[in-house]
Amino acid sequence: MLVLEFKIKGKPHQYAAIDEAIRTAQFVRNKALRYWMDTPGVNKYDLNKYCRVLAREYDFARELNSTARQASAERAWSAISRFFENCRQSVPGKKRCDPAPSYGARERAPREGYPRFKKNGRSVEYKTSGWKLLDPKHIVFTDKKNVGRLKLVGTWDLAFYGIEQIKRVRLVRRADGYYAQFCVKVEVREELKPSGNTVGLDVGLLEFYTDSNGECEPNPRFYRNAEKKLKRAHRRVSKKQKGSANRKKAVNRLGRVHLKISRQRDEHAKRLARCVIQSNDLVAYENLRIQNLVRNHCLAKSIHDAGWYQFRKWLEHFGVKFGRITVAVNPAYTSQKCSSCGTVVKKSLSTRTHVCQCGCELDRDHNAAVNILNAALSTVGHTGTWVLDPNASGDLTATLAGANLSGQVGSLKEESPRL
């Protein structure tokens, strides 16, 4: 699935109509979630049927396209199914799945991972109806929200894809304007010649990552560099009167700063991951639990600022696109174990040099990157060999009394139906 994003150009009344559609989609999602909480045994299809009930009860819900209402109910079910999946997998902090607390005089605090009501929705999604593409640069929405005809600003060419390939259209509101996203069903694959290189990556805070060849990539620290702008924008928001137009403008300026930081971080991770994947046939990295690492309040801001999750996400995406192998290994003892002899050398986080009795002396992150690569190679090194040679397992060999080695093998071939 390919997502193409365009910026929307319209009139103020059209932006207001989009906001109304987003509020309606949020209302449908919250009502579907409440219906699931109050009614036992509800499944995904029951939530879709409930959208028709909401359309009969509320006029503003009827104005939204039926597929958009169903998409909002599917969002609610996505949160529900993710919660149950966390319960089945016993994810730390998200494994309690007892019934939700009912509304009353005294309510318990919502549990971590449990589906919650959405307060500030930012998007509405249409399926294959409710919209019509006039030409590659204009789209019109045909439901009763009166969004109308909008201009699409972007470099993607929608004429290259058929209308039947566009499965979803999503309207998104951000701090710098409104956007339209087209979910296109297309297979994106590119063939690359083998490079003959393998690499292990150890992400960190001093350097963004250090690979098994000793090369380092500097950490850009986008959030740290923009903290002065953020503080200034927060002060301007706090000085404005609540509910005033000036406060809304100040909040929008603050949102634009945050939006720029997130875009810088994501673009940095995307370009770096693409370069790494195209340069190597196998890329190994640590299977880190970011939600557990950020519990350290001393390092939480720096970990979030590094954007390790975005980097891993794009590594796996480009690995599938270019046909490269990406392996996530267990991070246990990758920094403590010696990459030369395998001895565990205990060291604190402040010790940045690995020194072993065997004579190996490397940078701490370089040593960890080599261990990560070795662990990945040991995982995929013997894949498929038993199919080509069943004797590789050692289960079919036998010793015949009074026969030499060639006689044993010949007898085995004659007697074994598998050979």
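Quick caveat: nothing in here was measured; it's all calculated off a predicted structure. All heavy atoms count here, side chains included; hydrogens, waters and symmetry mates do not.
With values rounded to the nearest 0.5 angstrom, L230 atom CG is found 12.0 Å from R224 atom CZ. We find the CG-SG distance between D363 and C216 to be 6.5 Å, quoted to the nearest 0.5 Å. Between Q70 atom CD and S129 atom OG the span is 8.5 Å, to the nearest 0.5 Å. Between I277 atom CD1 and E316 atom CD the span is 9.0 Å, to the nearest 0.5 Å. One finds the CG atom of L205 at 9.5 Å from the CG atom of L293 (value rounded to the nearest 0.5 Å). To the nearest 0.5 Å, atoms OG (S279) and CG (L192) are separated by 10.0 Å.
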### Task
Would you check, one step at a time, whether the test side-chain contact (heavy atoms from CB on, under 4.5 Å) holds for R253 with V251?
CA-CA 5 Å; R253 284 192 292 266; V251 170; over 6 Å; no

### Query
Under the side-chain contact (heavy atoms from CB on, under 4.5 Å) criterion, do V53 and R56 qualify, and how do the steps go?
CA-CA 5 Å; V53 177; R56 288 197 298 262; 3.6 Å; yes

### Message
Could you walk me through whether R312 and N287 satisfy the side-chain contact (heavy atoms from CB on, under 4.5 Å) test, starting with their C-alpha distance in whole Å, then the side-chain angles of each, then the deciding distance to 0.1 Å, before giving a yes or no?
### Response
CA-CA 9 Å; R312 175 180 174 175; N287 186 17; 2.7 Å; yes

### Task
Carefully, step by step, assess K321 and R189 under the rule side-chain contact (heavy atoms from CB on, under 4.5 Å).
CA-CA 5 Å; K321 179 178 179 179; R189 294 292 179 89; 5.5 Å; no

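In terms of the ring pair (Phe, Tyr, Trp, His ring centres under 6.0 Å) criterion, residue partners of F27 (sequence neighbours excluded) are, by chain and number, Y58, F60.
Of all heavy-atom pairs spanning D38 and P40, the tightest one is O-CD, 3.8 Å. Of all non-hydrogen atoms in G121 and Q26, the two that sit nearest each other are N-OE1, 2.6 Å. Annotation for A375 and S378: closest pair O-OG, 2.7 Å, computed over non-hydrogen atoms. Listed here is the closest heavy atom pair of A369 and D202: N-CB, 4.0 Å. Pairing each heavy atom of D266 with each of W314, the nearest pair is OD1-NE1, 3.1 Å. E286 and P331 make their closest contact through OE2-CB, 3.5 Å (heavy atoms, listed as atom of the first residue, atom of the second, distance).
Residues in residues 229-244 take part in no side-chain hydrogen bond (donor to acceptor under 3.5 Å, both in side chains) pair, two or more places apart or across chains. Applying the ring-ring contact (aromatic ring centres under 6.0 Å, His included) rule to pairs touching residues 272-308 yields nothing, sequence neighbours excluded. Sorted by first and then second residue, the pairs that involve residues 184-209 and meet ring-ring contact (aromatic ring centres under 6.0 Å, His included), not counting sequence neighbours, are F208-H268, F208-F311, Y209-F311. Each side-chain hydrogen bond (donor to acceptor under 3.5 Å, both in side chains) pair with one or both residues in residues 335-345, not counting sequence neighbours, appears once here: S339-N367.
Within the 4.5 Å cutoff, the side chain of V140 has no heavy atoms near those of the L133 side chain. Counting heavy atoms from C-beta on, the side chains of Q310 and R265 come closer than 4.5 Å. Residues Y126 and V124 have side chains in contact (heavy-atom distance under 4.5 Å, counting atoms from C-beta outward). For the pair E361 and T353, the minimum side-chain heavy-atom distance is below 4.5 Å. Between L315 and H317, the closest side-chain pair of non-hydrogen atoms is not below 4.5 Å. You'll find the side chain of I22 stays beyond 4.5 Å of the side chain of L171, heavy atoms only. The side-chain heavy atoms of L134 and R149, taken from C-beta on, include a pair separated by under 4.5 Å. The shortest distance between side-chain heavy atoms of W131 and I166 falls below 4.5 Å.
Side-chain atoms of W77 and N43 include no donor-acceptor pair closer than 3.5 Å. Residues N30 and R34 have side chains that never bring a donor and an acceptor to within less than 3.5 angstrom of each other. Between S302 and R221, the side chains place no donor N or O within less than 3.5 Å of an acceptor N or O (distance only, hydrogens not considered). Donor-acceptor pairing under 3.5 Å is recorded for the side chains of K145 and T24. No side-chain donor from either of E215 and T210 sits under 3.5 Å from a side-chain acceptor of the other.
The existence of a salt bridge linking K301 and E227 is confirmed by a sub-4.0 Å separation between a basic side-chain nitrogen and an acidic carboxylate oxygen. At a threshold of 4.0 Å, the pair R274-E267 does not count as salt-bridged, since none of the basic side-chain nitrogens sits closer than that to a carboxylate oxygen. Classification of D365 and R352 as a salt-bridged pair holds, one side-chain N sitting under 4.0 Å from a carboxylate O. Between R82 and E85, no side-chain nitrogen of the basic residue sits less than 4.0 Å from a carboxylate oxygen of the acidic one, so the salt-bridge criterion is not met. Using a cut-off of 4.0 Å between Lys/Arg side-chain N and Asp/Glu carboxylate O, R324 and D281 are scored as salt-bridged.
Looking at E57, its side chain never comes within 3.5 Å of a backbone N or O of L54 through a donor-acceptor pair. No donor-acceptor distance shorter than 3.5 angstrom exists from the side chain of Q278 to the backbone of C275, with no hydrogens or angles considered. At distances below 3.5 Å, at least one donor-acceptor pair connects side-chain atoms of S212 with backbone N or O atoms of G200. Checking side-chain atoms of N225 against main-chain N and O of P220 turns up a donor-acceptor pair under 3.5 Å. No donor-acceptor pair under 3.5 Å is formed between the side chain of E190 and the backbone N or O of F322. Of the possible polar contacts, none joining the N65 side chain to the D143 backbone as a donor-acceptor pair under 3.5 Å is found. Judged by distance alone, the side chain of K137 and the main-chain N or O of G154 form a donor-acceptor pair under 3.5 Å. Panel note: side chain R247, backbone V237; a donor-acceptor pair is recorded below 3.5 Å. No side-chain donor-acceptor contact under 3.5 Å links N280 to the backbone of L282.
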Less than 3.5 Å apart, which donor and acceptor atoms pair up between the side chains of residues 177-186 and the rest of the protein, not counting sequence neighbours?
{"unit_1": "Y178", "atom_1": "OH", "unit_2": "D19", "atom_2": "OD1", "d": "2.8"}
{"unit_1": "Y178", "atom_1": "OH", "unit_2": "D19", "atom_2": "OD2", "d": "3.0"}
{"unit_1": "Y179", "atom_1": "OH", "unit_2": "D176", "atom_2": "OD1", "d": "3.4"}
{"unit_1": "Y179", "atom_1": "OH", "unit_2": "D176", "atom_2": "OD2", "d": "2.8"}
{"unit_1": "Y179", "atom_1": "OH", "unit_2": "R263", "atom_2": "NH2", "d": "3.1"}
{"unit_1": "Q181", "atom_1": "OE1", "unit_2": "R170", "atom_2": "NH1", "d": "2.6"}
{"unit_1": "Q181", "atom_1": "NE2", "unit_2": "E5", "atom_2": "OE1", "d": "2.7"}

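Considering L152, T155, D157, L158 in turn, L158 is the only one that fulfils the side chain to side chain contact (heavy atoms under 4.5 Å, CB included) rule with L4.
Ring geometry for F83 versus Y114: interplanar angle over 60°, hence perpendicular rather than tilted (30 to 60°).
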